Amino acid sequence: MSADPKVLLTELLRTALNSVAPDQADAVILLERPKQANHGDFATNLALQLAKPLRRNPRELAALLLAELPASPLVAKTEVAGAGFINFTLAADAKTAVVREVLARGAAYGRGASKGVKVQVEFVSANPTGPLHVGHGRGAAYGASLSDLRACAGYEVTREYYVNDAGRQMDILALSTWLRYLAFFGIEVAFPPNAYQGDYVIDMARELRDAHQDRFARVTLAQVLDGTPGLPTAERKDDEAKQQRELHLDALIANAKRLLGEDYPWVHGFALNEQLSDGREDLAEFGVRFDKWFSEQSLFDTGLVERAVSQLEKAGHIYLQDGAKWFRSTDFGDEKDRVVQRENGLYTYFASDIAYHLNKYERGFDRIIDIWGADHHGYIPRVKGAIAALGLPPEKLEVALVQFAVLYRNGQKTSMSTRSGEFVTLRELRKEVGNDACRFFYVLRKSDQHLDFDLDLAKSQSNENPVYYVQYAHARVCSVLAQWDGEAAELAAADLGRLQNERELALCASLASYPELVQNAAADYAPHQIAFYLKDLAAEFHSWYNAERMRVEDEALKLARLALAAAVKQVLAGGLALLGVSAPASM
RNA sequence: CUGCCCGUAGCUCAAUUGGAUAGAGCACCGGCCUUCUAAGCCGGGGGUUGCAGGUUCGAUCCCUGCCGGGCAGGCCA
């Protein structure tokens, strides 16, 4: 017989069901924890579900099931309620047993058994062309917490960052760096408005100069500008002007490649590595770590992009038009067909993304999770379409969209424009509100919900701040335990029968629901559920703390209460760890 | 114009994958520190879940149509 009440109750109900309705013996038995305390510890809607197929009154059916339910010492009371619910109230022993279990398993409490399922989570994957900003921060916090949550639930998780080190954006960064560098040597090229504006580019240029002096500056202004169409005036916003600015930029890149020759890849690589290591350091400080940094360029180097496209071609999903290769994604539910190879022979970003997903499938993951910004939602049909076209199961891929985060200060939106290079970086945000508050606030909302990030609230060291509220509960337990001079073994042996008041039993019920919560939150891609649970658990603890003393004269009662407190501390610490938030021993 | 997401208390948000009387925090009002951390607790008012239908024992949740907000719709990434 199982010690887990939920499993036990399911077994009892199955037995009853077998004798009441043998032909419905395979029906799904769902047990839930009622919101209201007077509805017992567990409830099932089994009779309501079976009423229709059996053509019976649900309340009568519930009564019949109860009549056939085998007796169990763990069940104190059963009743038929409402429209036909069956409510179960557990015996006190069964409720408090969780304390012993938490103390015995320690940090492993809540961890699910290994499912033998390999999951890959790819997140952040920002272009390494500048500092991470607050939008990336949400993806980072969400992805890290989701990964840890899935790992805790029993999945085998690989955390991956896709590095866009190929393509035009990186060329623009290399060019931007080089132009800033040239300025140090008096070669003043008008800085293109569509190049990277940030001061970090000037910093890189300075490093380049300090390390290599004029090695990359043996050119003239005329050579750099040779063949460029020139820049339209800044006021012009028409399409023609925009296009000319892009052509101008591309011509500058072409000149840079020609003039620098073998040094170009070096400058390119320098800028890439600077930005990549900056991002890596930023994320590491934020408690966000990756198992693999996957290079987009490697997809070209290994010929995978070519192979992916030819595989689509062989399957008959590619056609030629206007000199370009198109993937017929409309056959797979997309709005329009998409180019994979341009007229100029270059592959599109979409082509390398197809190759990347092919690679993910070939690595044998059972579940592939992409975390994208919500502005990429239109991209999902074409990627799933390409996967299906390659003969792979698209349902293995799950795309989790993360909505935008908007910063508020003094009740006002703060601007986040990237155009001028004056955006709020993740680093600035972390510095201002601290890593703990950052991580917690980022996952406090459902991922598909817009996030209003209130800077003043995140910084406030008061009851208004949910982070401190939870951490404070943890610190309080630590403080009490520190003032007690006993041994941990005494707690494990405490007489839990002494836990009798409502607050104590409610706390036990909350602790007992934690493992299920981990499973549900992991399955739903919803780390915010952990945050809400922790707030609730902390609230129950604070309430109990104010109502009862733990270190009382009665030795047995003291040990029982300290054991409960220690169990609460364990679960708080475990939950906070999933969110990447520290659990301080004092505050 | 088309597609996706969202709409819940004055504000910011939950609601155990369709459950019972829709819950928290903030804000507002009133209480609790000579005893384990007051970054805490206790009590009070606050709702036609955007609107209208449909599906069923039962809908904030699922379907349809409107209204309102956000985001997309490149041979960019």
Side-chain angles (χ1 to χ4, degrees), chain A residues 30 32-36 38-39 43 45 47-49 51-52 57-59 81-85 87 127 129 164 166-170 172 246 296 321-326 335-336 338-344 346-350 352-353 373-381 401 403-404 408 411 444-446 448-452 454 457 460-473 475-484 513 516-517 520-521 523-524 526 528-529 531-533 535-536 538-539 541-552 558 561-562 565 586-587:
Chain A
L30 220 61
E32 58 180 17
R33 298 174 186 271
K35 290 173 193 164
Q36 299 196 30
N38 61 358
H39 291 151
N45 60 356
L48 288 159
Q49 299 293 348
K52 191 160 197 179
N57 176 301
R59 282 191 67 100
F85 292 97
N87 294 342
N127 285 344
T129 52
N164 297 119
R168 184 166 179 258
Q169 296 305 318
M170 274 311 304
I172 296 174
E246 297 305 320
E296 181 190 5
Q321 187 181 307
D322 303 330
K325 277 187 188 173
W326 295 71
E335 292 176 348
K336 52 172 288 193
R338 312 289 173 176
V339 170
V340 290
Q341 192 174 16
R342 294 192 280 260
E343 194 181 359
N344 61 14
L346 293 177
Y347 288 104
T348 59
Y349 174 85
F350 180 41
S352 49
D353 228 13
D375 54 334
H376 284 67
H377 65 79
Y379 200 68
I380 299 174
L401 295 176
Q403 291 285 348
F404 295 125
Y408 281 82
L444 201 50
R445 299 283 172 263
K446 283 188 293 203
D448 56 6
Q449 192 79 247
H450 288 268
L451 172 65
D452 289 335
D454 187 331
L457 179 57
S460 74
Q461 309 223 338
S462 73
N463 55 345
E464 297 174 30
N465 196 325
V467 191
Y468 293 113
Y469 186 79
V470 176
Q471 290 181 321
Y472 187 52
R476 270 184 151 174
V477 180
C478 289
S479 172
V480 173
L481 289 176
Q483 291 169 62
W484 170 66
S513 70
E516 291 165 40
L517 173 79
N520 288 335
D524 291 350
H528 78 275
Q529 289 182 9
F532 278 91
Y533 169 84
K535 283 207 295 181
D536 289 344
F541 173 78
H542 285 310
S543 176
W544 178 52
Y545 182 94
N546 275 270
E548 311 287 346
R549 260 189 90 74
M550 290 177 227
R551 290 167 53 231
V552 290
K558 178 173 81 179
R561 286 181 171 169
L562 288 176
S586 69
M587 290 174 70

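Given the structure is predicted, the values throughout are model-derived calculations rather than measurements. Per chain, numbering begins at 1; letters A, B, ... match sequence-line order.
- No contact: Asn344(A) has no heavy atom under 4.0 Å from any strand.
- Minimum interatomic distance between Arg33(A) and Ser513(A) (heavy atoms only, all atoms of both residues): NE-CB, 3.4 Å.
- Among the atoms of the strands shown, only primed sugar atoms or phosphate atoms (P, OP1, OP2) are found under 4.0 Å from some heavy atom of Gln483(A).
- OP1 or OP2 of A77(B) has not a single side-chain nitrogen or oxygen of Thr348(A) nearer than 4.0 Å.
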*Let me see the working for His528(A) and Gln449(A) under side chain to side chain contact (heavy atoms under 4.5 Å, CB included), right down to the final yes or no.*
CA-CA 11 Å; His528(A) 78 275; Gln449(A) 192 79 247; over 6 Å; no

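- Relative to the side chain of Ser543(A), the nucleotides C42(B), U56(B), A20(B) differ in distance, and C42(B) lies closest.
- Checking the phosphate oxygens (OP1, OP2) of A77(B), a side-chain nitrogen or oxygen of Arg342(A) falls inside 4.0 Å.
- One C1' atom belongs to G58(B), the other to G74(B), and the distance between them is 49 Å to the nearest Å.
- With C1' as the reference atom, U60(B) and A9(B) are 14 Å apart, rounded to whole Å.
- If you check every strand for non-hydrogen atoms under 4.0 Å, Trp326(A) touches a base.
- Nucleic acid contact class of Ala482(A) (heavy atoms, under 4.0 Å, all strands): none.
- Comparing the P positions of A22(B) and G54(B) gives a spacing of 23 Å, expressed to the nearest Å.
- One atom, CD of Gln36(A), and another, C1' of A15(B), lie 13 Å apart when rounded to the nearest Å.
- Among the heavy atoms of the strands lying under 4.0 Å from His542(A) are primed sugar atoms or P, OP1, OP2 only; no base atom is included.
- The nucleotide G45(B) finds no pairing partner, because no Watson-Crick or G-U wobble arrangement with both distances shorter than 3.5 Å includes it.
- The heavy-atom pair separating Ala565(A) from Val477(A) by the smallest distance is O-CG1, 3.2 Å.
- As judged by a 4.0 angstrom heavy-atom cut-off over every strand, Ser479(A) is placed among the base-contacting residues.
- Taking atom P in both A59(B) and G19(B), the straight-line distance is 11 Å, to the nearest Å.
- No hydrogens or angles considered: nothing links the side chains of Gln169(A) and Thr129(A) as a donor-acceptor pair under 3.5 Å.
- Relative to the ring axis of Phe541(A), Arg476(A) does not place its NZ or CZ within 45° and under 6.0 Å from the centre.
- Partner assigned to U60(B) is none, using Watson-Crick or G-U wobble distances below 3.5 angstrom.
- Under the Watson-Crick or G-U wobble criterion, with both distances below 3.5 Å, G7(B) is paired with C67(B).
- At A38(B), one or more side-chain N or O atoms of Arg476(A) fall inside 4.0 Å of OP1 or OP2 (strictly under the cut-off).
- In terms of phosphate contacts, Lys336(A) brings a side-chain nitrogen or oxygen within less than 4.0 Å of OP1 or OP2 of G74(B).
- In terms of phosphate contacts, Tyr469(A) brings a side-chain nitrogen or oxygen within less than 4.0 Å of OP1 or OP2 of C41(B).
- In this structure, Ala547(A) reaches neither bases nor backbone, as no heavy-atom distance under 4.0 Å exists between it and the strands shown.
- Residue side chain Asn87(A) reaches the base of A20(B) through a donor-acceptor N/O pair under 3.5 Å, judged by distance alone.
- Rounded to an integer number of Å, the gap from OH of Tyr379(A) to C1' of G74(B) is 12 Å.
- G23(B) and U16(B) are spaced 13 Å apart, taking the P atom of each and rounding to whole Å.
- Here Gln449(A) lies in heavy-atom contact (under 4.0 Å) with sugar-phosphate atoms only.
- As rounded to the nearest Å, G30(B) and A39(B) have C1' atoms that lie 22 Å from one another.
- Shown here, G18(B) forms no base pair; nothing in the strands shown gives a Watson-Crick or G-U wobble contact with both key distances under 3.5 Å.
- Rounded to whole Å, the distance from NZ on Lys446(A) to P on U12(B) is 15 Å.
- Counting to the nearest Å, the P atom of U12(B) and the NE2 atom of His528(A) are 18 Å from each other.
- Base engagement by Tyr545(A) is indicated by at least one non-hydrogen atom pair under 4.0 Å involving a base atom.
- The minimum heavy-atom distance between Gly378(A) and Pro381(A), with the atom names listed, is O-CD, 3.4 Å.
- Glycosidic conformation at C33(B) (O4'-C1'-N9-C4 for purines, O4'-C1'-N1-C2 for pyrimidines): syn, within 90° of 0.
- If you check every strand for non-hydrogen atoms under 4.0 Å, Ser586(A) touches a base.
- Remark: C1' of U37(B) and CE of Met550(A) are 11 Å apart, rounded to the nearest angstrom.
- Distance alone, capped at 3.5 Å, is enough to place a donor-acceptor pair between the Arg561(A) side chain and the Arg549(A) backbone.
- Whole-Å rounding puts the Asp536(A) CG to G40(B) C1' distance at 16 Å.
- Summarising the base pairing, C1(B) is matched to G73(B) through a Watson-Crick or G-U wobble pair whose two defining distances lie under 3.5 Å.
- Distances shown here put a side-chain N or O of Tyr472(A) below 4.0 Å from the OP1 or OP2 atom of A39(B).
- Look at His377(A) and the base of A72(B); the rings do not stack under the cut-offs of 5.5 Å between centres and 30° between planes.
- When heavy atoms are screened at a 4.0 angstrom cut-off, Asn45(A) is found touching base atoms of the nucleic acid.
- Close to C75(B), at under 4.0 Å from its OP1 or OP2, lies no side-chain N or O of Gln321(A).
- Put simply, Lys35(A) has a side-chain N or O that comes within less than 4.0 Å of OP1 or OP2 on A20(B).
- With hydrogens and angles left out, the side chain of His450(A) and the base of G69(B) share no donor-acceptor pair within 3.5 Å.
- Of the nucleotides present, A24(B) is the one that pairs with U12(B) by Watson-Crick or G-U wobble criteria, both distances under 3.5 Å.
- As judged by a 4.0 angstrom heavy-atom cut-off over every strand, Gln403(A) is placed among residues touching the sugar-phosphate backbone only.
- Separating the P atom of U8(B) from that of U49(B) is a span of 12 Å, rounded to the nearest Å.
- No contact: Pro381(A) has no heavy atom under 4.0 Å from any strand.
- Using a 30° and 60° split on the angle between ring planes, Phe350(A) and Tyr379(A) fall in the perpendicular class, above 60°.
- Of all nucleotides present, none satisfies the Watson-Crick or G-U wobble test against U34(B) with each distance under 3.5 Å.
- In this structure, the CZ atom of Arg445(A) is 15 Å from the C1' atom of G7(B), given to the nearest Å.
- The two residues Trp326(A) and Gln321(A) make their nearest non-hydrogen contact at NE1-O, 3.1 Å.
- The separation between Glu335(A) atom CD and C1(B) atom P is 16 Å, rounded to whole Å.
- When heavy atoms are screened at a 4.0 angstrom cut-off, Ala475(A) is found touching base atoms of the nucleic acid.
- Comparing C6(B), U56(B), A77(B) by their closest approach to the side chain of Lys52(A) singles out U56(B).
- Annotation: C71(B) and G31(B) have their C1' atoms spaced 48 Å apart (nearest Å).
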*Report the C-alpha separation of Tyr545(A) and Met550(A) in whole Å, then their side-chain angles, then the decisive distance to 0.1 Å, and conclude whether the side chain to side chain contact (heavy atoms under 4.5 Å, CB included) test is met.*
CA-CA 8 Å; Tyr545(A) 182 94; Met550(A) 290 177 227; 3.6 Å; yes

